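Predicted, not measured: the structure shown is a model, and the values here were computed from it. Just follow the structure's listing: the first ligand is 1, and inside any ligand the first atom is 1.
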Amino acid sequence: MTPHDKLFIPGPVEVSEKTWAAFSRPMIGHRGEDFKNLYRAIHPGLQRLFGTNQPVFLSTSSAWGVMEASIRNLADRGVLCCMCGAFSDKWLDVAKRCGKNAEPLQVDWGKHIDPKEVDRQLATGKFDTVTLTHSETSTGVMNPLEEICSVLAKYNDVALVVDTVSSFSGVKIEMDALGIDVMLTGAQKALALPPGFSLFSVSEKAFARAEKISNRGFYFDFLEFKKDQANWVTPSTPSIAHIHALQSKLDEIFEEGLEARFARHARTNAMVHDWVRRAGFDFFAEEGFRSKTLTCVKNNKGIDVLEFARKLREKHHLVIDPGYGKIRGKTFRLSNMGDETEETVSHLLTCLDDVL
Ligand SMILES: Cc1ncc(COP(=O)(O)O)c(C=O)c1O
């Protein structure tokens, strides 16, 4: 590959030569047998990754397209937005812009969503949809998904939408067993594909809900996706290059083995955590609720984060993120998602020490 600065930001991440080769395979028609065979071939692997028997859909949009779609397809009475950082907070605004009743369940950035609070809110009967970000990429918080799903299990008329954008394929998430109604993810995080593409799956309960909701639009209508997936096509012309790259990535994932892949992410994440402590920094996310695919480091030492990141790039050609939104400069973020190994993460940490 041509020399380039390597991304250790929490998405997009480095895309391998192998993936780029698949991305630039010769084009095929999206209504022909070649495409149907491609979709059919990758589908069982996608279902395994999602932990679902439901259809998995290919969306030529970034994750926000599907996040907005979930609101448009499901929300009627009201949306409870579980908010703990930039991405989960934004969902409230999106729901309101879609013309829905929406209310925040807000915690301070760095804290997790408390399942008991979700329960209290749902007991009011005001909500039929909940939005939850599993791994809040801006703060490095990983929310207690299982516990929150257990709460949702008590409310059969409430649909749970889970953004697994920065956790998918880095940690195990079993959609059906957890009772998730819409699970969605993007291409540019742990899947290490180029950005601009996303994947999602929808429960039977959510399809039934969508049937009763008007103004679902066309591009993101869940029922259009469902109808077309039955014939191994997509409602509109998809990014076929992404799907070729996804096929190549799935081969790699199952060659490595799912458990081995999750363990690799856990190990490289632990290496970053050790470095944080060794270097005298703190974590922005509270203990016990930290993402396994990225780390949000609290700048308790008061370094010039922008200068730190600039020097790292200039000297070592590695790119880290100087913090998101209102915590820019007060934090910085290191990613260990995608194809990173002990060797590549160790190199990053050595370079961080050098620049510090
Ligand atoms: C947790 C989370 N949700 C949603 C998004 C939005 O994804 P996109 O900008 O690809 O639509 C991101 C992007 O970083 C994210 O990290």
Colleague: Hey, which atoms in ligand 1 end up nearer than 4.0 Å to a heavy atom of Gln188?
Modeller: 10 (O)
Colleague: Between Phe23 and His244 (judged by ring centroids, cut-off 6.0 Å), do the two rings come close enough to count as a pair?
Modeller: no
Colleague: Testing Phe225, Tyr39, Phe50 one by one against Phe57 for a ring pair (Phe, Tyr, Trp, His ring centres under 6.0 Å), which residue passes?
Modeller: Phe225
Colleague: With a cut-off of 4.0 Å, which atoms of ligand 1 are near a heavy atom of Ser135?
Modeller: 1 (C)
Colleague: Below 4.0 Å from any atom of ligand 1, is there a heavy atom belonging to Met67?
Modeller: yes
Colleague: Relative to each other, are the rings of Phe308 and Phe332 parallel, tilted or perpendicular (30° and 60° limits)?
Modeller: perpendicular
Colleague: Checking ring-ring contact (aromatic ring centres under 6.0 Å, His included) for the pair His134/Phe168: CA distance, chi angles, key distance, verdict?
Modeller: CA-CA 9 Å; His134 182 211; Phe168 184 81; over 10 Å; no
Colleague: Are Lys212 and Asp76 ion-paired here, with the side-chain N under 4.0 Å from a carboxylate O?
Modeller: no
Colleague: Give a yes/no verdict on whether any heavy atom in Gly65 is under 4.0 Å from an atom of ligand 1.
Modeller: no
Colleague: In terms of residue, atom name and distance, what is the protein heavy atom nearest to atom 5 (C) of ligand 1?
Modeller: Phe87 CD2, 3.5 Å
Colleague: Inspect the surroundings of NZ in Lys311 and state if more than 12 heavy atoms from other residues, nucleotides or ligands are less than 6.0 Å away.
Modeller: no
Colleague: Counting each atom of ligand 1 from 1 as listed, which ones have a heavy atom of Ala63 under 4.0 Å away?
Modeller: 7 (O), 8 (P), 10 (O), 11 (O)
Colleague: Under a 4.0 Å heavy-atom limit, does Trp64 contact ligand 1 with its side chain, its backbone, both, or neither?
Modeller: both
Colleague: For ligand 1, is Lys189 a contact, meaning one of its heavy atoms is under 4.0 Å away?
Modeller: yes
Colleague: Given Asp163, Thr139, Ile9, which one has a non-hydrogen atom that is nearest to atom 2 (C) of ligand 1?
Modeller: Asp163
Colleague: Please determine whether the number of non-hydrogen atoms from other residues, nucleotides or ligands lying under 6.0 Å from atom NZ of Lys298 exceeds 12.
Modeller: no
Colleague: May I ask you to identify the nearest protein heavy atom to atom 11 (O) of ligand 1, giving residue, atom name and distance to one decimal place in Å?
Modeller: Ser62 OG, 2.5 Å
Colleague: Using a 4.0 Å cutoff against the non-hydrogen atoms of Thr137, which atoms of ligand 1 qualify?
Modeller: 1 (C), 2 (C), 15 (C), 16 (O)
Colleague: Look at the rings of His347 and His316 and say which category their plane angle falls in: under 30° parallel, 30 to 60° tilted, over 60° perpendicular.
Modeller: perpendicular
Colleague: Using a 4.0 Å cutoff against the non-hydrogen atoms of Thr133, which atoms of ligand 1 qualify?
Modeller: 1 (C)
